[in-house]
Trainee: 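Please see the structure below; I have some questions.
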Amino acid sequence: MAELNAFDMAQRQFDEVADQLNLEAGVRAVLRWPLREFHFRIPVRMDDGSLKVFDGFRVQHNDARGPAKGGIRFAGNETIDTVRALATWMTWKCAVADIPLGGGKGGVIVDPSTLSVPEKERLCRGWVDQMWKNIGPRADVPAPDVGTTPQMMGWMMDEYSKLSGAFTPGVITGKPLGGGGSLGRTEATGYGVIYTVREAMKVLKIKSKGARAAIHGFGNVGQYAAIGFIEMLGGKVVCVGCWDRHDRKAYTYSKESGVDPKFLMSITDEYGTIDKAKAKKAGYVLEDANAWIAKDVDVLIPAAIEGVLTGETVKKIHKNVKIVAEGANGPTTPEADAVLKKRGIFNIPDFLCNAGGVTCSYFESVQNDMNFYWSKDEVLTKLDQKMTAAFHGVLEMSKTKKVYMRNAAYMVAIDRVNKAMKLRGWV
Ligand code: NAD
């Protein structure tokens, strides 16, 4: 199989819908590629006295509807094309959630687990030193993503505030509580996934109590999706997939009687690796990386990385699966998508399903601007309203145009971004 290129995937998805919409050639040319890209080097003094240089990126795909918005990923396999894809999906995500923001994404080629805490801090500050003139509350607002944490956002906010000469919490979201962060941000993406699953179950007339799910990934999204599926819907999660950074391979942690996400969280390190020995002792069965795909469940929730449902792996999906809820960005390749469509599996596309994170980030910016902070209940109630409205907006489009949910989500998003560009006289 040719190596997956996430940006190629993002462009293929866009092209399919642009064709269906008969989108004007000029508009298509603007939206197919990011408006701005920054590639830079970040010199960092390591603890042993040596100087190491890291490759950094920031891509601003489109900011017609508002400041660019999107996380910064620290990953050993980061590439400019991954960042381009994620920035593009952020444009569609903010538009589909109907929040007044555009799409951006950043990254550094680094495995953060190889760095000490002071080295991480110097790298975070170094990223801001290179980018600070091109980000800001009214220009581009980064956030955490895979491999970055609230603490890192705190350092970045501090560096920006020092360089710009003013305390500026609104430059970055996902900050720690007490440092300008919002209550509910930790749960937001995973719970948001579950709000959309709940709505899909109502539409498909699936009883949520006792429903079964398999989750891929046990980081921020996977953990709160698991808790939400059990606590909000009364369902059972039969496995979680997870990368083991010591073995450098992935496993599926299964328990037919239902996994206990809070226990698993207590034995998971900050990089999302579960302690295998403790899991086995507690009755979890360790299966191979793709075992989660083949489980007899109602809902599959890919919530780890892109490109896990491919033309090959999609064949393993059990006949009882009714919903694929994409917690991760870009987990389904176009080949796998074709199979899901054909089998009539209901898809909640990534930039709708996982929009809870950016929606709560937007709430965080609003609270920073007002310097007035909401209770967790208030945040989660507003989040639920936004996610539910976004889900039904896409469903409506899917029914009206008789198209698959992913295409419908693209239609809603492209229409909103196109309108904003027209209103501003860009196209
Ligand atoms: P995270 O770093 O907290 O966790 C990632 C999880 O995926 C970990 O459990 C890790 O072990 C697992 N993983 C990594 N590689 C794997 C592999 N090859 N096989 C199996 N498991 C693997 O990341 P996260 O914040 O939970 O993000 C997960 C996905 O959701 C990403 O695609 C991210 O872009 C997307 N997302 C995250 C947010 C957010 O707010 N955190 C918002 C929107 C989208």
Side-chain angles (χ1 to χ4, degrees), residues 4 6 69-78 82-83 85-87 89-90 92-94 96-97 103 105-107 111-113 142-150 152-153 173-174 182 184-193 196 214-226 239-253 261 264-265 267-276 286-293 301-309 313 325-332 349-362 364 383 387:
L4 174 101
K69 183 88 196 84
I72 301 173
R73 195 180 266 199
F74 281 9
N77 60 356
E78 191 67 304
T82 313
V83 184
L86 293 164
W89 285 322
M90 284 307 296
W92 310 136
K93 192 179 300 188
C94 293
V96 108
K105 203 79 185 189
D111 174 352
S113 70
D145 195 75
V146 177
T148 50
T149 61
M152 293 178 176
M153 300 304 111
T173 60
S182 172
R185 177 63 186 90
T186 313
E187 297 86 352
T189 310
Y191 280 12
V193 167
T196 65
I215 299 183
H216 185 231
F218 197 62
N220 176 255
V221 183
Q223 291 170 1
Y224 287 95
C239 68
V240 298
C242 189
W243 178 257
D244 186 293
R245 69 190 174 90
H246 309 294
D247 299 358
R248 306 213 60 73
K249 63 188 262 211
Y251 299 96
T252 300
Y253 293 73
L264 284 180
M265 280 161 82
I267 60 164
T268 301
D269 72 15
E270 62 177 305
Y271 304 103
T273 292
I274 297 173
D275 184 321
K276 291 194 294 291
L286 261 67
E287 299 182 87
D288 76 64
N290 284 334
W292 69 281
I293 299 177
I301 306 181
I305 48 165
E306 59 273 10
V308 290
L309 293 178
T313 60
E326 298 179 347
N329 287 310
T332 309
D350 50 4
F351 63 83
L352 166 64
C353 190
N354 68 33
V358 74
T359 302
C360 193
S361 278
Y362 163 61
E364 183 177 328
L383 182 68
M387 292 299 294

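Atoms within each ligand, like the ligands themselves, are counted from 1 in listed order.
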Trainee: Quick one: side-chain hydrogen bond (donor to acceptor under 3.5 Å, both in side chains) partners of Lys69, sequence neighbours excluded?
Mentor: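 Counting only residues at least two positions away or on another chain, Lys69 forms a side-chain hydrogen bond (donor to acceptor under 3.5 Å, both in side chains) with Thr173.
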Trainee: Write out the residue and atom name of the closest protein heavy atom to atom 20 (C) of ligand 1, then the distance separating them to 0.1 Å.
Mentor: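 For atom 20 (C) of ligand 1, the nearest protein heavy atom comes out as His216 NE2, 3.0 Å.
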Trainee: Just let me know how Ala304 lines up against ligand 1, side chain, backbone, both or neither, with a heavy-atom cut-off below 4.0 Å.
Mentor: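 Answer for Ala304: both.
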Trainee: Assign the ring pair Tyr191 / Tyr224 to parallel, tilted or perpendicular, where the plane angle (0 to 90°) is split at 30° and 60°.
Mentor: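 Ring orientation of Tyr191 relative to Tyr224: perpendicular.
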Trainee: Specify the protein heavy atom at minimum distance from atom 37 (C) of ligand 1: its residue, its atom name, and the distance to 0.1 Å.
Mentor: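 The closest heavy atom on the protein side is Val221 CG2, 3.4 Å.
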Trainee: Taking all non-hydrogen atoms of both residues into account, name the closest pair between Asn290 and Thr313 and its distance.
Mentor: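 Heavy atoms only, the tightest pair is ND2-CG2, 3.8 Å.
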Trainee: Quick check on contacts: which atoms of ligand 1 are under 4.0 angstrom from a heavy atom of Arg73?
Mentor: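 In order of number, 31 (C), 32 (O), 33 (C), 34 (O).
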Trainee: Can you list the atoms of ligand 1 that are under 4.0 Å from a heavy atom of Gly327?
Mentor: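 Counting from 1, the qualifying ligand atoms are 30 (O), 35 (C), 44 (C).
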Trainee: So, does Ala289 sit close enough to ligand 1 that a heavy atom of it is under 4.0 Å from the ligand?
Mentor: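 Outside the 4.0 Å threshold, so no.
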Trainee: Considering non-hydrogen atoms of the protein only, which is the closest contact for atom 3 (O) of ligand 1, and what is the distance?
Mentor: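 Checking every protein heavy atom, the shortest distance to atom 3 (O) of ligand 1 gives Asn220 N, 3.0 Å.
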Trainee: Suppose we measure from atom 40 (O) of ligand 1 to each protein heavy atom; which comes out shortest, and what is that distance?
Mentor: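 Protein heavy atom at minimum distance: Thr189 OG1, 2.6 Å.
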Trainee: Does Thr273 have a heavy atom less than 4.0 Å from any atom of ligand 1?
Mentor: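 Outside the 4.0 Å threshold, so no.
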Trainee: At their closest point, which heavy atom of Cys242 faces which heavy atom of Gly272, and how far apart are they?
Mentor: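 For Cys242 and Gly272, the tightest heavy-atom pair comes out as SG-O, 2.7 Å.
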Trainee: Using a 4.0 Å heavy-atom cut-off, say whether Asn354 meets ligand 1 through its side chain, its backbone, both or neither.
Mentor: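 Both backbone and side chain.
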Trainee: Using distance alone, decide if ligand 1 has a nitrogen or oxygen within less than 3.5 Å of any nitrogen or oxygen in Gly219.
Mentor: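 The answer is yes, given that Gly219 and ligand 1 share an N or O pair closer than 3.5 Å.
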Trainee: Taking distance alone, with N or O pairs closer than 3.5 Å, would you say Gly222 contacts ligand 1?
Mentor: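 For ligand 1, there is no N or O atom that lies under 3.5 Å from one belonging to Gly222.
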Trainee: Would you check if Pro331 and Asp350 make a side-chain contact, meaning some heavy-atom pair closer than 4.5 Å?
Mentor: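 Yes, at least one pair of side-chain atoms sits under 4.5 Å.
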Trainee: Salt bridge between Asp111 and Arg245, side-chain N to carboxylate O under 4.0 Å?
Mentor: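 So Asp111 does not pair with Arg245 through a salt bridge.
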Trainee: Check each heavy atom of Lys105 against ligand 1 and say whether those closer than 4.0 Å belong to the side chain, the backbone, both or neither.
Mentor: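 Neither part.
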Trainee: Starting from atom 16 (C) of ligand 1, find the nearest protein heavy-atom neighbour and note its residue, name and distance.
Mentor: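 Ranked first by proximity to atom 16 (C) of ligand 1 is Trp243 CB, 3.5 Å.
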Trainee: Using heavy atoms and a threshold below 4.0 Å, how should the contact between Ala303 and ligand 1 be classified: side chain, backbone, both, or neither?
Mentor: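 Contact part for Ala303 vs ligand 1: backbone (N, CA, C, O).
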Trainee: State whether the shortest distance between N or O atoms of Lys93 and N or O atoms of ligand 1 falls below 3.5 angstrom.
Mentor: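 No, since none of the N or O atoms of Lys93 sits under 3.5 Å from an N or O of ligand 1.
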Trainee: In terms of residue, atom name and distance, what is the protein heavy atom nearest to atom 32 (O) of ligand 1?
Mentor: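 Ranked first by proximity to atom 32 (O) of ligand 1 is Asn329 N, 3.1 Å.
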Trainee: Quick one: look at Glu306 and ligand 1, take heavy-atom pairs under 4.0 Å, and tell me if it's side chain, backbone, both or neither.
Mentor: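 None of Glu306 does.
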Trainee: Nearest protein heavy atom to atom 2 (O) of ligand 1, by residue and atom, and its distance?
Mentor: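 The closest one turns out to be Val146 CG1, 3.6 Å.
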Trainee: Select one of side chain, backbone, both or neither to describe which atoms of Gln223 lie under 4.0 Å from any atom of ligand 1, heavy atoms only.
Mentor: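 For Gln223, no heavy atom sits under 4.0 Å from ligand 1.
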Trainee: Based purely on interatomic distance, does Ile305 place a nitrogen or oxygen under 3.5 Å from a nitrogen or oxygen of ligand 1?
Mentor: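 Such a contact does not occur with ligand 1.
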Trainee: Answer with side chain, backbone, both or neither: which part of Arg185 has a heavy atom less than 4.0 angstrom from an atom of ligand 1?
Mentor: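 Only the side chain of Arg185 comes within reach of ligand 1.
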Trainee: Heavy-atom contacts under 4.0 Å between Asp145 and ligand 1: side chain, backbone, both, or neither?
Mentor: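 For Asp145, the contact with ligand 1 is made by the side chain alone.
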Trainee: State, yes or no, whether a side-chain contact exists between Val308 and Trp292 at a heavy-atom distance under 4.5 Å.
Mentor: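 Sidechains of Trp292 and Val308: in contact.
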